[in-house]
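Keep in mind that the numbers below use all heavy atoms, side chains included, and drop hydrogens, waters and symmetry copies. Lettering of chains follows the sequences in order, A, B, ..., and the numbering in each one begins at 1.
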2 protein chains.
Amino acid sequence: MSRLARLPGAVAADSPTFSPLYRQIKVLLTRGLQAGEWKPGELIPSETELAARFGVSQGTVRKAIDELAADHLLVRRQGRGTFVATHQEARAQFRFLRLRPDHGGDPGAMSSRVLACRRTRAPVDIARALQLRTGETVVQVRRLLSFDARPVVLDEIWLPGALFRGLTADRLAAYTGPLYALFESEFGIRMIRAAERLRAVAATRATAADLGVAPGEPVLQVERVTYTYEDRPVEVRRGLYATGRHHYFNELI
Amino acid sequence: MSRLARLPGAVAADSPTFSPLYRQIKVLLTRGLQAGEWKPGELIPSETELAARFGVSQGTVRKAIDELAADHLLVRRQGRGTFVATHQEARAQFRFLRLRPDHGGDPGAMSSRVLACRRTRAPVDIARALQLRTGETVVQVRRLLSFDARPVVLDEIWLPGALFRGLTADRLAAYTGPLYALFESEFGIRMIRAAERLRAVAATRATAADLGVAPGEPVLQVERVTYTYEDRPVEVRRGLYATGRHHYFNELI
DNA sequence: TAGTGGTCTAGACCACCGT
DNA sequence: CGGTGGTCTAGACCACTAA
């Protein structure tokens, strides 16, 4: 990375692609993260060092880092430095899983059981959501999440085969902890944001059996598309949530 | 409002209630909003004027306003000034209603029909959620939201009677537009944030008829508690969403 | 104690809006 | 054009962490 050409006024006047200095710094930092210059959990250089490197003031670097921290790409820790965010951290566990027990705050002991993991050809809808060609190889995972030994979430997960070579049922079963932490450390894929679409549907005979509910009983269907850097979709997840003892929590701000 | 006593160091060292200057400014501004010093839609004083009034630098006022804008209490407009946010604005309409049509982006023509509006005594659960005593007077509203003339949302709304004197079915029916805009302009109650709990449930015979679905069919139950200033709960809303042609959309960041 | 992020200031200039 | 918010700077000091 090198010193920036700083022409805020000139750039703004001439070009529709103007962005302020701190946004350009943000882009450079994001590229560094994407390129693996600093890995998840690692410390990035101090604000003063980055300011010197980019030839801008500390306040400008600060504003770029502020936004990256708001995006959960970086984590600030006063007195220690700024770190690359990771899905390993405790506070990241429930960032994408908005499920809570109806009574009490503690989600209880969560356990995951992998039901299937196979490579197959992408169905039309999955291919479109993942921006693949129909028929391209995808990895399909089915897994059951239980809270306090009670099944609550039945997930069907689709991943681009090219990005997840070597992902097998054994590998998944051997791993305890959040899937996104595994994806991050083993496949170098960092999940940045997700969009969910929720509907109420009736449990089919098969899914009802897995979830321990009666066939036809209402369950919450959660379709998630997860994105990595540059808004690239890298996961489709169709979950069925049994909302008898749990609910989907959402804060509106 | 008067000049602040600025003792950042001393306050921090001695007291666990320390907060930086810009947070104190934020509190003062919030009080001004709550007291109605500036009303929804109005222009607040410029950053420089506020800085002079509080005896701090413009940058400090700026940081306070930044947070209030992030909280959707204020809206910045470059070149014009900073305005008090209002539920009248178009962009506020779908801040709390996370419902979208399955196909296409435009939600289509939305219409509201008030089915009932009566004053009654608060049931136990409603009283607890609204921090009232059981049996205190509440206003109960039932209304049906339709998109393109198709019923989609059946809402049951509970409001503290003391805050909504004079709220009647006629008054509701006469008003077109978002309820929160009515609450804001007619009753001086500004909804700041909300928390929703979602479950999949089976439609009862009565609700199924209103929503135009089959009895027993899965519908999305959305329980919302809405808060005004100082995190005071002022509304409980239990909605049933027919998710045949629409879905609940949620962005995870 | 040294180094980090967090706060605050004062001042400059730019971008945008309405008159 | 004047006034507003938006960006950028340079420098000071505070709060926190780890050695």
Side-chain angles (χ1 to χ4, degrees), chain A residues 3-29 38 42-70 73-85, chain B residues 3-29 38 42-70 73-85:
Chain A
R3 208 168 193 283
L4 289 180
R6 304 216 306 287
L7 311 165
V11 175
D14 303 356
S15 160
T17 61
F18 164 74
S19 72
L21 251 187
Y22 72 87
R23 286 230 192 257
Q24 301 177 41
I25 304 289
K26 186 183 177 185
V27 168
L28 292 181
L29 290 173
W38 314 290
E42 282 183 9
L43 182 68
I44 73 167
S46 73
E47 294 179 354
T48 26
E49 188 184 330
L50 289 170
R53 189 187 298 195
F54 295 134
V56 300
S57 80
Q58 192 215 2
T60 300
V61 169
R62 183 165 186 75
K63 191 150 182 180
I65 292 181
D66 278 345
E67 291 203 353
L68 290 167
L73 294 185
L74 296 176
V75 178
R76 297 172 164 289
R77 293 187 213 171
Q78 183 171 167
R80 297 184 57 193
T82 301
F83 297 78
V84 182
Chain B
R3 208 170 192 285
L4 289 179
R6 303 218 304 287
L7 311 165
V11 175
D14 302 355
S15 159
T17 61
F18 164 75
S19 72
L21 251 188
Y22 72 87
R23 285 231 191 257
Q24 301 175 43
I25 304 290
K26 186 183 177 185
V27 169
L28 292 182
L29 291 173
W38 313 291
E42 283 182 9
L43 181 69
I44 72 167
S46 73
E47 295 178 353
T48 25
E49 188 184 330
L50 289 170
R53 189 187 298 193
F54 295 135
V56 301
S57 80
Q58 191 215 2
T60 300
V61 169
R62 182 165 187 77
K63 190 150 184 180
I65 293 181
D66 277 345
E67 292 203 354
L68 289 168
L73 293 186
L74 296 176
V75 177
R76 297 172 162 288
R77 292 186 214 172
Q78 184 172 160
R80 298 183 55 191
T82 301
F83 296 77
V84 182

Whichever of A:R80 and A:V61 has its nearest DNA chain D nucleotide further upstream toward 5':
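The residue mapped nearer the 5' terminus is A:V61.
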Taking only N and O in the side chain of [X], is any of them less than 4.0 Å away from OP1 or OP2 of [N]?
X	N	value
A:R76	C:dG6	yes
A:R62	C:dG5	no
B:T82	D:dG5	yes
B:T60	C:dT9	yes
A:S57	D:dC8	no
A:K63	D:dT7	yes
A:Y22	D:dT7	yes

Nucleotide [N], atom [atom2] - distance to [atom1] of [X] in whole Å:
X	N	atom1	atom2	answer
B:Q58	D:dT7	CD	P	12 Å
A:L74	C:dG6	CG	P	12 Å
A:Q78	D:dA18	CD	P	12 Å
A:I44	C:dG5	CD1	C1'	11 Å
B:I65	D:dT4	CD1	P	12 Å
B:L50	C:dT9	CG	P	14 Å
A:D66	C:dG6	CG	P	8 Å
A:Q24	D:dG6	CD	P	19 Å

Picking from D:dG6, D:dT7, C:dT7, which would you name as closest to the side chain of A:P20?
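Selected nucleotide: D:dT7.
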Ignoring hydrogens and angles, tell me if any N or O in the side chain of A:Q24 forms a donor-acceptor pair with the backbone of A:S19 under 3.5 Å.
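Present.
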Do the side chain of A:E47 and the main chain of A:V61 share a donor and acceptor less than 3.5 angstrom apart?
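No: the side chain of A:E47 does not pair with the backbone of A:V61.
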B:R77 NZ/CZ over B:F83 ring centroid, <6.0 Å and within 45° of normal
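Satisfied, under 6.0 Å and within 45°.
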Taking atom CG of A:L74 and atom CH2 of A:W38, what is their separation to the nearest 0.5 Å?
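One finds 8.5 Å between CG of A:L74 and CH2 of A:W38.
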Check step by step if salt bridge (charged side-chain N to carboxylate O under 4.0 Å, His left out) holds for B:K63 and B:E67.
CA-CA 6 Å; B:K63 190 150 184 180; B:E67 292 203 354; over 6 Å; no
